Amino acid sequence: KTRLTLLLFILIIALKGCSSPSSPSGDNNLLTNSSFESNGSPSLQGWLIGYSDTASIQFSSDVPPEGGKYSVRISTVWAPRRILYSPVPASPGTHIYRFSSWAKRIGAGGSLLLWLKRPDSLIIRSEVSVADTQWSQYAIIDTIMTSSSDTLLVSILGGFSQLFSGATFFDLCRLEK
């Protein structure tokens, strides 16, 4: 009887620890424009271009399932890599973040990166390369300790090659806490 009571107690504590009462209900995407469109038109609203060469960043009507009308296409270049990024103010404390995107590549592919920007540094937390030539979902999950002066940066990058051409397509980007 004591073992059963102890087992039930441990189970209740474990289940309570799995709940997330602080998570907002509904859509908890911290990105303002996850699908690269606004009012039915292609848009980079909420995203910043890492380099002034915008010719390597284009919109495409090739989208994943549930992807709306447009995705973004970033060409493979020699240097510097073409990048789109979106800054998100960090919540103080230790949190688990999930950055995900649907993506595919043609030729040399790009990647997704999660950065932590502190007042005195910029740290790459995690990176995942886009390997598939068909639309697939990619995700980075990371536990990050932040303060109120920190910013999370999610970025999508085109490929990097002097020898091979290519492009990487991205859509339905999400950052969730």
Side-chain angles (χ1 to χ4, degrees), residues 20 22-24 26-38 42-60 63-64 67-68 70-105 108-132 135-161 166-177:
S20 182
S22 62
S23 296
D27 187 12
N28 58 353
N29 190 0
L30 301 174
L31 300 177
T32 58
N33 181 7
S34 65
S35 64
F36 304 102
E37 40 193 274
S38 177
S43 171
L44 290 178
Q45 179 181 347
W47 292 88
L48 301 169
I49 299 173
Y51 298 98
S52 60
D53 174 20
T54 58
S56 298
I57 300 171
Q58 303 170 341
F59 294 102
S60 173
V63 295
Y70 300 99
S71 65
V72 70
R73 177 188 187 273
I74 305 176
S75 298
T76 300
V77 295
W78 168 226
R81 290 175 75 180
R82 300 309 183 249
I83 180 174
L84 288 176
Y85 66 97
S86 185
V88 177
S91 298
T94 302
H95 304 284
I96 299 172
Y97 291 94
R98 181 179 190 270
F99 173 39
S100 64
S101 177
W102 282 81
K104 73 175 192 172
R105 70 173 176 83
S111 57
L112 287 74
L113 276 96
L114 178 61
W115 308 70
L116 175 60
K117 183 180 183 301
R118 294 213 157 114
D120 60 348
S121 61
L122 183 60
I123 304 159
I124 295 176
R125 292 291 306 190
S126 302
E127 179 175 9
V128 63
S129 296
V130 175
D132 294 308
W135 283 107
S136 301
Q137 190 175 41
Y138 294 85
I140 294 169
I141 299 173
D142 198 352
T143 302
I144 306 174
M145 185 172 63
T146 56
S147 67
S148 59
S149 60
D150 293 339
T151 302
L152 296 172
L153 297 174
V154 297
S155 59
I156 53 177
L157 291 84
F160 176 77
S161 177
T168 310
F169 298 77
F170 299 94
D171 201 6
L172 300 175
C173 297
R174 297 183 62 83
L175 179 63
E176 299 165 290
K177 180 171 72 170

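Keep in mind that this is a model prediction, so the values were computed, not measured.
- At least one donor-acceptor pair closer than 3.5 Å links the side chain of Thr168 to the backbone N or O of Gly110.
- In this structure, the side chain of Ser43 engages the main chain of Gln45 through a donor-acceptor pair within 3.5 Å.
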Inset, instruction - Could you give me the CA-CA distance, side-chain angles and deciding distance for Trp78 and Phe160, then say whether ring pair (Phe, Tyr, Trp, His ring centres under 6.0 Å) is met? - result: CA-CA 5 Å; Trp78 168 226; Phe160 176 77; 5.2 Å; yes
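- One side chain, Glu127 or Ser111, offers a donor N or O that lies under 3.5 Å from an acceptor on the other.
- The shortest heavy-atom contact between Tyr138 and Ala131 is OH-N, 3.0 Å.
- Using modelled atom types, no side-chain atom of Asn29 and backbone atom of Arg174 make a donor-acceptor pair closer than 3.5 Å.
- Of all the heavy atoms in Gly46 and Ser86, the pair that sits closest is O-OG, 2.9 Å.
- In this structure, Trp135 and Trp102 approach most closely via the heavy-atom pair CZ3-O, 3.5 Å.
- Between the side chains of Lys104 and Ser136, no donor-acceptor pair of N or O atoms lies under 3.5 Å.
- In summary, the side chains of Thr151 and Arg118 do not present any donor paired with an acceptor at a separation below 3.5 Å, with no hydrogens or angles considered.
- Under the 3.5 Å distance criterion, with hydrogens and angles disregarded, no donor-acceptor pair is assigned to the side chains of Asp150 and Thr146.
- Rounded to the nearest 0.5 angstrom, Lys177 NZ and Ser91 OG are separated by 3.0 Å.
- Using a cut-off of 4.0 Å between Lys/Arg side-chain N and Asp/Glu carboxylate O, Arg125 and Asp142 are scored as salt-bridged.
- More than 12 heavy-atom neighbours from other residues, nucleotides or ligands sit within 6.0 angstrom of CD1 on Ile123.
- To the nearest 0.5 Å, the span separating CG on Leu31 from CG on Leu152 amounts to 10.0 Å.
- For the atom pair Phe170 CZ and Arg73 CZ, the distance stands at 12.0 Å (nearest 0.5 Å).
- Nearest heavy-atom pair, Leu44 versus Phe36, reported as atom, atom and distance to 0.1 Å: CD2-CD2, 4.0 Å.
- A donor atom on one side chain and an acceptor atom on the other are found under 3.5 Å apart for Ser155 and Trp115.
- The minimum heavy-atom distance between Trp47 and Asn33, with the atom names listed, is NE1-O, 2.7 Å.
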